[in-house]
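Remarks on the structure that follows.
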Amino acid sequence: MRVSRLYAPTLRETPAEAEIPSHQLMLRAGMIRKAAGGIYSYLPLALRILKKIEAIVREEMNEIDAQELLMPIIQPAEIWQETGRWDVYGDEMFRLCDRHKRNFCLGPTHEEMITTLVRGDVRSYRQLPLTLYQIQNKYRDEIRPRFGLMRGREFIMKDAYSFDRDEAGLTANYNKMYTAYTNVFTRCGLNFRPVEADSGAIGGSGSHEFMVIAESGEASIVYCPACDYGANVEKAELHTIVPQQEEMLPLDIIDTPKMKTIEAISAYLNIAPQKTIKAMAYQNENGLVIALVRGDHEVNEIKLINALGCIDLTLANEEAIAEAMQSAAGFIGPIGLQEVMIVADSTVMEMYNAVCGANLPDKHYIHVNPSRDFKPNKVIDIRLIQENDPCPHCGHPVKMARGIEVGQVFKLHTKYSQALQATYLDEKGKETPMVMGCYGIGVSRTMAAAIEQHNDEHGIIWPVPIAPYHTVIIPINSKDEAQMQLAETVCKALNQENVEAILDDRNERAGVKFKDADLIGYPLKIVIGPKTLQEQVFEVKVRRTGEVIFLSLENYVSEIQNLLKSL
RNA sequence: CGGGGCGUGGCUCAGCUUGGUAGAGCACCUGGCUUGGGACCAGGGGGUCGCAGGUUCAAAUCCUGCCGCUCCGACCA
């Protein structure tokens, strides 16, 4: 390939819309262009990268006996109505209508599709286990598409689905996938960490997310430096904190004018925030809910949703609070509340002589002893983990990091097979629902995540296995025939030995070619200039380190192959 | 959906307050010169100033509505 013919329009300046490195650099390197919010064209360089990632994914999937298939993007409403997700998915689903007014959607995921496919053709335990996967576009009408490929409305995903006879089979398949995912992301050159995850709207239980560690990541994770524990903060469990026992003092009520925040009240009373109880008012489809956590803790809304078994949860507005409790935000408390659901974090129930809102304007209770003074409807872990909280496995203080979710594995169990009657006959002739798992990799997101981890002020630095080309060959002066001739010879020789080389034959000054090469991020640059011809040596520059290596005109092919392997 | 910001040539932006013949840099085309880290000289093409209404002798500029993009929040395999 010749750069003069390559469709990779590079930009010297950063388009204003791009916020994070991967988005900025892919636009500047001429790899993607936006068609609409969250919808992009992949230009030739980006497509080569995607194909490399896909090839790695395919190899690892095939290795564990998953079989590739391809399912439709357009899916009929009926199968989604069967599982109830036609309504649950809401505005995030792209919906469309055909000329007969039949409803369809653009597939946001394929559980319904694969399950209805398999239920039609798998009848016997002899046909199980079965794992199928595809690499296909997905469509989600995100509330807020952003960060280029990181959160698009159209994106490429590898999705795999396993069907087993029983839980033991599912666990075996899940573990194989977990290993395969570890291999995929390792081979892509990513610094990642698998973490325990909430299984979310897709349902089921037992799930890990594969997080690429990056500042621009939208997910917060915790991990333990002492053991191998890691979790999405949404999921991270916490043990109850049991403080020293104290003598319970009599409940009292005091004036606390305008003291609406934990910070204000603890300063006013000169006590630690740990001695206060924070009451948060939420609203869900069943009404008002008061969530209680210790003053220095935060509510984990995912845990709260799971504890309540509800779908929707938002902070209650002032009117709702006033109506239900004759109180205002800042002075809410659990004592004396009637007909309002109260969920207390387990740590709250262990507190002594604490402070909480009195449900009266400008009043708080002191010497509150939860076990004595009120009775929550539910006591459960609902707090958000914080840096230095004890690891739930070993107790060592945990660390926090930002992560980009590039993959997730789920145990679905029989959620979809039951809803869609995907059953098989077991050895005894008994009809049994298949036990399912599902496993996703965001392929286009992985490309972006790789850039987030591998870039510098000059541009992208591709890991060799997913680089669009292994090396660019730069003749310093394209009008010098000797240089060009040698460059072409070298280019041909390398490509013949499976070193992907591209020749920058443009009639540009050397600086322009170097800048573009650095921006696009080829792992190596081979420079052919006057020195090369005189001294019969190549100059090879390593993109990542800036290191310059001189190779002789003899056996340079194997030298470059070795160099690429070492990167 | 709530709150900010922005829409002027392919890109980055100025001009708008105070209405009066649409600008710069980069990119592009032609010629020259140049070739080891985004050169230089000369010439040239390209914009109904997001759309629709309104005010005015006159609107990129003022007013109204709509659309799009973007940031923050809520949401999210």
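Just the heavy atoms: all of them, side chains too, but no hydrogens, waters or symmetry mates, feed the values below. Chain naming here is simple, since letters A, B, ... match the order of the sequence lines and numbering starts at 1 in each.
Following rounding to the nearest Å, Leu25(A) (CG) and rC11(B) (C1') show an atom-to-atom distance of 16 Å. The CZ atom of Arg146(A) sits 12 Å away from the P atom of rC75(B) (whole-angstrom rounding). Summarising the geometry, the separation between CG on Asp504(A) and C1' on rG37(B) is reported as 13 Å, rounded to the nearest angstrom. Rounded to whole Å, atom C1' of rC11(B) lies 11 Å from atom CZ of Arg12(A). For the pair Ile39(A) CD1 and rC69(B) C1', the interatomic distance rounds to 14 Å; values are reported in whole Å. Nucleotide rU12(B) holds its C1' atom 12 Å from the CD atom of Glu17(A), rounded to whole Å. Protein atom CG of Asn300(A) is 11 Å distant from nucleotide atom P of rC75(B), rounded to whole Å. The separation between Arg33(A) atom CZ and rA27(B) atom C1' is 12 Å, rounded to whole Å.
Among the protein residues, Asp159(A) comes within range of no part of the nucleic acid, since none of its heavy atoms lies under 4.0 Å from any strand. Among the protein residues, Lys513(A) comes within range of no part of the nucleic acid, since none of its heavy atoms lies under 4.0 Å from any strand. Contact annotation for Lys479(A): base contact, defined as any heavy-atom pair under 4.0 Å involving a base atom. Using a 4.0 Å heavy-atom distance criterion, Arg28(A) is classed as a base contact. Across all strands shown, Ser478(A) has no heavy atoms under 4.0 Å from either base or sugar-phosphate atoms. Using a 4.0 Å heavy-atom cutoff across all strands shown, Phe147(A) reaches no nucleic acid atom at all. Asp480(A) comes within 4.0 angstrom of no nucleic acid atom, judged by non-hydrogen atoms across all strands. Within the 4.0 angstrom heavy-atom criterion, base atoms lie near Lys541(A). At a threshold of 4.0 angstrom between heavy atoms, the contacts of Gly440(A) with the nucleic acid are absent. In this structure, Pro530(A) reaches the bases: a heavy-atom distance under 4.0 Å links it to at least one base atom across the strands shown. If you check every strand for non-hydrogen atoms under 4.0 Å, Glu218(A) touches nothing.
For the pair Lys415(A) and Glu111(A), the salt-bridge criterion is not met [side-chain N within less than 4.0 Å of a carboxylate O]. Arg543(A) and Asp456(A) are joined by a salt bridge, as a carboxylate oxygen and a charged side-chain nitrogen come within less than 4.0 angstrom of each other. No salt bridge links Lys303(A) with Glu237(A); every basic N to acidic carboxylate O contact stays at or beyond 4.0 Å.
The P atoms of rA14(B) and rU56(B) are separated by 32 Å, rounded to the nearest whole Å.
Set against rU34(B), rU12(B), rG37(B), the side chain of Arg509(A) has rU34(B) as its closest nucleotide. Of the candidates rU12(B), rU35(B), rC1(B), rU12(B) carries the atom nearest the Ala16(A) side chain, counting heavy atoms from C-beta on.
Summary of the strand contacts: Glu539(A) and Glu234(A) both lie near RNA chain B, and taking for each the nucleotide with the nearest heavy atom, the more 5' one is attributed to Glu539(A). Both Leu11(A) and Asn477(A) lie near RNA chain B, and the one whose nearest nucleotide falls closer to the 5' end is Asn477(A).
Counting heavy atoms from C-beta on, the side chains of Arg445(A) and Met157(A) never come closer than 4.5 Å.
You'll find a donor-acceptor pair under 3.5 Å spanning the side chain of Glu13(A) and the base of rG25(B), going by distance alone.
If you check the side chains of Arg85(A) and Tyr416(A), you find a donor sitting under 3.5 Å from an acceptor.
In this structure, Tyr89(A) and Trp80(A) have perpendicular ring planes: the angle between them is above 60°, well past the 30° mark.
Look at rC62(B): its Watson-Crick or wobble partner, with both distances under 3.5 angstrom, is rG54(B). Using N1 to N3 plus N6-O4 or O6-N4 for Watson-Crick, or N1-O2 and O6-N3 for G-U wobble, each under 3.5 Å, rG73(B) pairs with rC1(B). For rU12(B), the paired nucleotide is rA24(B), the pair qualifying as Watson-Crick or G-U wobble because both relevant distances are below 3.5 Å. Across the strands present, rG68(B) finds its partner in rC6(B); the criterion is a Watson-Crick or G-U wobble pair with both atom distances under 3.5 angstrom. Nucleotide rA42(B): paired with rU30(B) (Watson-Crick or G-U wobble, both distances less than 3.5 Å).
Taking only side-chain nitrogens and oxygens, Lys34(A) comes nearer than 4.0 Å to OP1 or OP2 of rU70(B).
The only member of Leu503(A), Asp516(A), Ile502(A) that meets side chain to side chain contact (heavy atoms under 4.5 Å, CB included) when paired with Leu6(A) is Ile502(A).
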